[in-house]
Number of protein chains: 2
Amino acid sequence: MIDLKKICKDRGLRMTDQRNIIADTISEASLEGHPDVNQIYLKAFEKDKNISIATVYRTVKLFEEYGAIEKHDFKDGKARYETVTDIHHDHLIDIDSGEVIEFSNDEIEELQMIMAKKLGYNLVDHRLELYGKKIKK
Amino acid sequence: MIDLKKICKDRGLRMTDQRNIIADTISEASLEGHPDVNQIYLKAFEKDKNISIATVYRTVKLFEEYGAIEKHDFKDGKARYETVTDIHHDHLIDIDSGEVIEFSNDEIEELQMIMAKKLGYNLVDHRLELYGKKIKK
DNA sequence: TTACTTGCAAATGCTTTGCGAGCCG
DNA sequence: CGGCTCGCAAAGCATTTGCAAGTAA
């Protein structure tokens with residue numbers, strides 16, 4: 001499990017009880033997928049009845065600013081989070097189940113950069129999402 | 001200008017006054033960019049004071065269902081629309097000005113499809129957005 | 001003390017919807 | 001008549017924020 005708590009603490013974020021619990025919750029939930037705020041809130045709430053959803057919103061925003069988690073807006077309307085990983089990756093979303101699969105493809109990355117340059121831009125960020133249906137065998 | 005009105009009519013959508021005006025507004029606005037619902041509403045309202053924003057929402061949804069316009073959710077929180085074009089393209093968004101530049105790259109398209117297949121999926125849809133800063137000369 | 005953090009409820013911004021009235025075939 | 005369509009206001013949903021109380025340094 002990625003030590004989200006350590007990253008935040010090392011970067012100077014004051015770690016309160018709520019923040020520690022929320023950090024743990026995200027770390028755990030990240031193992032299974034890309035949780036949204038409500039999912040994080042519900043699991044954190046199980047651990048500590050004193051956590052409010054407002055705090056979860058404030059906290060994920062902080063964690064994101066501190067570079068400890070990443071926010072994604074897939075086409076389902078709500079923000080989803082995951083812990084940062086050392087290697088960059090993109091996402092394939094199963095349109096039937098909502099399951100998210102991570103992948104990376106250097107060739108595509110490279111082509112994106114070249115494309116941006118060709119248009120007169122330096123690539124700052126990008127978003128690549130594939131939406132697919134599972135091939136039955 | 002793309003005949004959005006004709007597409008809808010030909011496909012069996014009853015074209016009321018409001019729908020015609022909204023269609024014209026989108027066609028015109030599409031020449032300059034990717035308007036959001038409020039921009040469409042304001043311009044349509046100038047032409048006919050009787051148009052409500054609820055109708056604009058209902059209408060863009062209809063146009064989208066009828067395959068006459070496309071919806072995009074860039075990272076600015078609100079849905080933006082553009083008329084459909086025969087050739088597929090992706091978007092580069094200028095993070096300073098918000099300007100949207102269209103581009104297409106067959107090589108990237110191809111690689112996306114291969115990637116999806118490799119993961120066991122048929123590609124149904126995708127989203128590729130580049131966010132960049134203009135290179136100063 | 002002084003600055004940060006929190007829970008609660010209210011407010012926000014975008015979008016959808018219920019309803020009664022109007023329109024068209 | 002019967003089914004769409006409309007404007008309006010109210011509701012929905014995810015997210016943000018003001019405020020007063022609580023906490024930590």
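The chains referred to below are lettered A, B, ... by the order of the sequence lines, with proteins before strands, and numbering in each begins at 1.
- Here Asp125(A) pairs with Lys75(B) in a salt bridge; the nearest charged N to carboxylate O distance falls below 4.0 Å.
- Note: CG (Asp36(A)) to P (dC13(D)) measures 14 Å, nearest angstrom.
- At dC4(D), none of the side-chain N or O atoms of Thr16(B) fall inside 4.0 Å of OP1 or OP2 (strictly under the cut-off).
- Lys134(A) and Asn122(B) are not linked by any side-chain donor-acceptor pair at a separation below 3.5 angstrom, with hydrogens and angles left out of the test.
- To the nearest 0.5 Å, atom OG of residue Ser27(B) and atom CD of residue Glu82(B) are 12.0 Å apart.
- In this structure a side-chain-to-backbone donor-acceptor pair under 3.5 Å is missing from Arg80(B) to Gly33(B).
- In this structure, Met15(B) places its CE atom 19 Å from P of dC23(C), rounding to the nearest Å.
- Taking atom CG of residue Leu62(A) and atom P of nucleotide dC4(C), one finds them 12 Å apart after rounding to whole Å.
- Residue Gln18(A) contributes atom CD, which lies 11 Å from atom P of dC8(C) at whole-angstrom precision.
- Between the P atom of dT16(D) and the OH atom of Tyr41(A) lies a distance of 16 Å, rounded to the nearest Å.
- Looking only at distances, no side-chain donor or acceptor of Arg127(B) sits under 3.5 Å from a matching main-chain atom of Arg127(A).
- Among all heavy-atom pairs drawn from Ile51(B) and Tyr41(B), the shortest one is O-CE1, 3.3 Å.
- Nucleotide dC8(D) holds its C1' atom 15 Å from the CD1 atom of Ile51(B), rounded to whole Å.
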For nucleotides 14-16 of chain C, list the nitrogen or oxygen atoms of the protein found under 3.5 Å from its nitrogen or oxygen atoms, one pair per line.
{"residue": "dT15(C)", "atom": "OP1", "partner": "Ala79(B)", "partner atom": "N", "Å": "3.1"}
{"residue": "dT15(C)", "atom": "OP2", "partner": "Tyr57(B)", "partner atom": "OH", "Å": "2.6"}
{"residue": "dT15(C)", "atom": "O5'", "partner": "Tyr57(B)", "partner atom": "OH", "Å": "3.3"}
{"residue": "dT16(C)", "atom": "OP1", "partner": "Lys61(B)", "partner atom": "NZ", "Å": "3.4"}

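- Under a 4.5 Å side-chain heavy-atom cut-off, the cluster of Ile, Leu, Val, Met, Phe, Trp and Tyr residues that includes Phe103(A) is completed by Leu92(A), Ile101(A), Ile108(A), Leu111(A), Met113(A), Met115(A), Leu119(A), Tyr121(A), Leu123(A), Leu128(A), Leu130(A), Leu92(B), Ile101(B), Phe103(B), Ile108(B), Leu111(B), Met113(B), Met115(B), Leu119(B), Tyr121(B), Leu123(B), Leu128(B), Leu130(B).
- When rounded to the nearest whole Å, the span between NZ of Lys49(A) and P of dC8(C) equals 13 Å.
- For the atom pair OH (Tyr81(B)) and CD1 (Ile26(B)), the distance works out to 8.5 Å, reported to the nearest 0.5 Å.
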- Under a 4.0 Å heavy-atom criterion, the protein footprint on nucleotides 20-25 of chain D, written with B, S and -, is ---BS-
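- Screening Gln39(B), His91(B), His72(B) for a side-chain hydrogen bond (donor to acceptor under 3.5 Å, both in side chains) with His34(B), the sole residue that qualifies is His91(B).
- Arg19(A) has its CZ atom 11 Å from the P atom of dC4(C), to the nearest Å.
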